[in-house]
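Convention: sequence-line order gives letters A, B, ...; per-chain numbering from 1.
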Protein chains: 2
Amino acid sequence: MSDNPTDITHERILNCSIVLFARSGFHGVSMRQVAEAVGVTVAALYYHFKDKEELYLTAVKHIFNNRLPISAADLREDIDPWQSLDQFIHHFIQTLVADADFQRLLQWVLLDTDTARSQTLTDKVFAPFFAEVTWMINRIAPVQDAHLQAVSMIGLMVFPFESSHVRRFLPGYQLPQQTPDVLTQHIINLLRGGLLGVANESKS
Amino acid sequence: MSDNPTDITHERILNCSIVLFARSGFHGVSMRQVAEAVGVTVAALYYHFKDKEELYLTAVKHIFNNRLPISAADLREDIDPWQSLDQFIHHFIQTLVADADFQRLLQWVLLDTDTARSQTLTDKVFAPFFAEVTWMINRIAPVQDAHLQAVSMIGLMVFPFESSHVRRFLPGYQLPQQTPDVLTQHIINLLRGGLLGVANESKS
DNA sequence: GTCTATATTACGATAGAC
DNA sequence: GTCTATCGTAATATAGAC
């Protein structure tokens, strides 16, 4: 919060950790690697964080709290639900494009089996995000199972990035598909009218 | 392939490895742990596999080759495209439900940044799978970008499982949502008519 | 083919000087 | 607050007996 030198080092450690943990996950990164990336010794890390786990969890919370909150503009009651959804999807995908570390950390966190860690993270960062998504979906399709719909929507946004390392060797893969505009358009189209798009939809 | 004792041990090592790697990933599992799970010493593992990486890759290929191929019945030209798709989705989701290790290994593999490993796996196991999915989608929506559509469809099937560890702490989560019948119905509904379902679709 | 024993390196973590 | 130095442990991997 404040700007004294301690907090600055603290923050630099977090930023370096995020890059490493995003690339290789908790078990794939050693404290020695983190120390080298920061430019200090291992002992210095242990002055700021009591152990590796606390460092990891703090780093994850740090980036999630910065990237996951959604724009208040997307949640205005007076905006058309579909336009609202479009804005939100575009905004979130832009975040995924801009911050690959955030995207990959999300992927690592989903694989975490530690119940305590999962619950902490869920309560603190995922629950509010998920609630907003659910709220949006409910405005559009109030009778459906909002939880399942929200999961599908998040999957549609996230999976293209989760799978990109593999997909780049598959036929039909093109980088332009992953731009915020194209991807948002694609998802909205699917959410509005399914595989066949809006062609089959009765105009609303 | 044959059934001599060597191959039996070979296979038992793979099966035990799969369980461990699925839970904790490559870096989260030690050769000691694998050896203990199999009931042999570490040295025995190195008789069968030249190093940890070869063990991991063989294990992953082994389970993927068993689980990923899709039923020939889903690909018959004479079956209604939507029915074909329904069968395929149901079949694949059933696999994900039945084999949590396969589901989690898939998640680990998507996180792998090693280009050589990714390419090998993609060529050998993902490409055929992806081609079949693309073929199905193309029968339904020939003009669309089949690659993107296929990614979305796979994401819709996979993400509910990828996220289940986190989602169980979120409001609206229920286990029945994850049964093959319910999930397949949900996805088909979304692919047919978007968020609002088939209500908006002109009857075909 | 599997064992015991071990080489070698890396890991997380801490004590104590400055 | 960061350093040097180090402890104890666990990692991957191999040599050689059986």
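- Separating the CD atom of Glu53(A) from the P atom of dA13(C) is a distance of 9 Å, rounded to the nearest angstrom.
- Within residues 25-34 of chain B, the residues having any heavy atom under 4.0 Å from DNA chain D are, by residue number, Val29(B), Ser30(B), Met31(B), Arg32(B).
- Listed pair Tyr46(B) / dT14(D) fails the phosphate criterion, with no side-chain N or O lying under 4.0 Å from OP1 or OP2.
- Ring orientation note: the planes of Phe129(A) and Phe92(A) are tilted relative to one another, at an angle of 30° to 60°.
- At most 12 heavy atoms of other shown residues, nucleotides or ligands fall within 6.0 angstrom of atom CZ in Arg76(A).
- The Ala43(A) side chain lies nearest to dT14(C) when the options are dT12(D), dT14(D), dT14(C).
- A straight line from CG of Leu45(A) to P of dG12(C) spans 10 Å, rounded to a whole angstrom.
- In this model, the phosphate group of dT2(D) is approached by a side-chain N or O of Thr9(A) to a distance below 4.0 Å at OP1 or OP2.
- Closest contact between the side chain of Thr41(A) and the listed nucleotides dT2(C), dA13(C), dT4(D) involves dT4(D).
- Across all non-hydrogen atoms, the minimal contact from Ile93(B) to Pro180(B) is CG2-CA, 3.7 Å.
- Listed here is the closest heavy atom pair of Arg23(A) and Arg104(A): O-NH2, 3.0 Å.
- Gln144(A) and Leu196(B) get closest at one heavy-atom pair: NE2-O, 3.9 Å.
- Between Glu162(B) and Glu162(A), some side-chain heavy-atom pair lies under the 4.5 Å cut-off.
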